[in-house]
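Numbered from 1 within each chain, the chains take letters A, B, ... in sequence-line order. Everything quoted here is computed from the prediction, not taken from an experiment.
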Number of protein chains: 2
Amino acid sequence: MAKNKTTKVERQEQLSIYINTNPFLTDEDLAELLGVSVQTIRLDRLELRIPEYRERLKHVAMGEGDSVKSLSHGELVGELVDISVGKAGASILTITKEMVFKKNHVARGHHLFAQANSLAVALIDAAVALTGNARVSFRHPVKLGDRVVGNAEVSGSQDNKYKVTVVSKVKEQVVFEGIFTVFALAEEA
Amino acid sequence: MAKNKTTKVERQEQLSIYINTNPFLTDEDLAELLGVSVQTIRLDRLELRIPEYRERLKHVAMGEGDSVKSLSHGELVGELVDISVGKAGASILTITKEMVFKKNHVARGHHLFAQANSLAVALIDAAVALTGNARVSFRHPVKLGDRVVGNAEVSGSQDNKYKVTVVSKVKEQVVFEGIFTVFALAEEA
DNA sequence: TAATTATTAGTACCAGGTACTAATAATAGG
DNA sequence: CCTATTATTAGTACCTGGTACTAATAATTA
């Protein structure tokens with residue numbers, strides 16, 4: 001037949017690539033892409049130990065599932081527990097396994113920064129606020145499972161420039177301190 | 001019957017909570033949890049416009065699917081393109097929709113911080129490295145789709161304390177600058 | 001040519017649903 | 001008190017995306 005003369009191995013390599021770059025492909029999709037029958041795809045997956053569609057989705061979903069409150073999503077990192085716009089606010093961030101170094105279960109600094117930064121920005125009473133600069137100190141390591149309570153306070157302002165001080169604690173112990181300069185922007189800047 | 005006298009509305013609220021905190025629950029699971037039949041759960045989902053199990057997983061998986069390189073995962077934010085441990089390194093972060101403010105498509109500062117911070121930490125030749133403090137400036141807004149190239153350099157060291165300077169650019173324009181003080185820790189600190 | 005490997009077809013089965021019909025409780029209104 | 005409406009449950013047929021298995025037919029290799 002006038003089929004592309006690809007070997008089994010070549011096809012299986014392609015299969016791996018397809019699935020790795022897009023786990024949402026079903027066997028039927030793959031069969032069409034590779035020009036073989038669905039049964040062949042199944043045999044290939046078996047040999048390559050690639051789980052079925054639904055299992056794949058489950059695992060992608062799981063890996064990310066409980067990190068919904070993490071940096072990539074939502075407008076705020078952590079959970080806002082109290083806010084008085086223009087004045088002060090607080091948020092809580094629980095350290096999950098995705099946020100820590102595998103080696104020692106210490107949270108990566110940028111998560112604490114992210115909590116503080118998004119809290120600082122949330123405080124500003126403007127359509128859009130951007131961080132201009134920041135000075136931050138990581139006072140004490142934060143561990144997996146810790147509940148980090150961030151407290152922010154607007155400590156000064158000049159024109160559209162606000163100074164926000166954030167102190168984050170884990171059970172009364174200060175773990176992070178930062179001073180953020182946030183700019184309030186007009187609606188259509 | 002000696003059932004908990006919960007109203008339909010109360011049950012539906014509970015249902016929402018259950019599903020929000022754990023999208024992996026099937027109708028059967030939920031039926032058992034709430035002490036009603038599977039059919040009732042289905043009707044509830046219909047009324048609440050909650051999609052079915054497989055659709056939910058698909059969406060969790062999708063929402064996060066392409067943000068694998070974002071903050072919550074991997075040991076590094078951005079893609080490492082060059083590194084010479086103890087000296088310098090570079091990484092690239094492409095700004096996705098998850099990283100920007102919906103209103104103006106400008107990247108939230110903490111993502112740039114995260115890229116720089118994880119790059120700084122990666123540079124340190126130690127089992128574990130932690131950021132002590134940092135001074136950062138966001139020079140120019142970064143937009144959705146921008147490819148942020150971060151360049152880090154160890155600019156000094158004293159004992160286990162390293163000073164790392166990071167400059168991030170989008171097409172030759174400096175968008176972020178930061179000086180990080182990173183501490184190298186012993187294996188079993 | 002015989003043996004082996006690769007590919008395809010088909011069957012029965014499963015999970016987790018949708019969509020629909022129908023029967024039975026429970027609650028409220030007059 | 002009886003009726004009308006709402007709530008809940010049961011059951012059926014069907015769908016997707018598979019697993020597990022059997023069997024037949026190419027294509028290759030020894």
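Rounded to an integer number of Å, the gap from E47(B) CD to dT18(C) P is 14 Å. Here the C1' atom of nucleotide dG16(C) and the OH atom of Y53(A) are 13 Å apart, to the nearest Å. Counting to the nearest Å, the P atom of dG17(D) and the CZ atom of R56(A) are 11 Å from each other. Rounded to an integer number of Å, the gap from CD of E52(B) to P of dA15(C) is 16 Å. Protein atom CD1 of I41(B) is 11 Å distant from nucleotide atom P of dG17(C), rounded to whole Å. Regarding K8(A), its NZ atom lies at a distance of 19 Å from the P atom of dA26(D), rounded to whole Å. K58(B) places its NZ atom 13 Å from the C1' atom of dG18(D), with the value rounded to the nearest Å. When rounded to the nearest whole Å, the span between CD of E32(A) and C1' of dT8(C) equals 17 Å.
Here the side chain of V36(B) is nearest to one of dG18(D), dT9(D), dT18(C), namely dT9(D). Looking at the side chain of R45(B), the nearest of the listed nucleotides dT7(C), dA7(D), dT18(C) is dT18(C). You'll find that the side chain of R42(A) is closest to dT19(D), out of dT18(C), dT8(D), dT19(D). Distances from the side chain of T40(A) to the nucleotides dT7(C), dT9(D), dT19(D) place dT7(C) closest.
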Checklist entry - Should L123(B) and Y162(B) be marked as a side chain to side chain contact (heavy atoms under 4.5 Å, CB included) after you check the CA-CA gap, both sets of side-chain angles, and the distance that decides it? => result CA-CA 10 Å; L123(B) 273 190; Y162(B) 295 80; over 6 Å; no
Next on the checklist: Test side chain to side chain contact (heavy atoms under 4.5 Å, CB included) on R147(B) and V170(B); report intermediate values, then the result.
Outcome noted: CA-CA 6 Å; R147(B) 267 175 94 249; V170(B) 173; over 6 Å; no
Next on the checklist: Using side chain to side chain contact (heavy atoms under 4.5 Å, CB included), reason through L57(B) and K58(A) one step at a time and then give a plain yes or no.
Outcome noted: CA-CA 6 Å; L57(B) 290 201; K58(A) 223 174 275 184; 3.7 Å; yes
Next on the checklist: Let's go through L130(A) and F138(B) carefully: what are the C-alpha distance in whole Å and the side-chain angles of both, what is the deciding distance for side chain to side chain contact (heavy atoms under 4.5 Å, CB included) to 0.1 Å, and is it a yes or a no?
Outcome noted: CA-CA 9 Å; L130(A) 292 180; F138(B) 299 89; over 6 Å; no
Contact list (N/O, under 3.5 angstrom) for nucleotides 10-16 of chain D vs protein:
none

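The number of heavy-atom neighbours closer than 6.0 Å to CZ of R11(B), taken from other residues, nucleotides and ligands shown, is above 12. Crowding of E28(B) atom CD: a count of heavy atoms from other residues, nucleotides or ligands under 6.0 Å not exceeding 12.
Atom CD of residue Q39(B) and atom CG of residue D27(B) lie 9.5 Å apart, to the nearest 0.5 angstrom.
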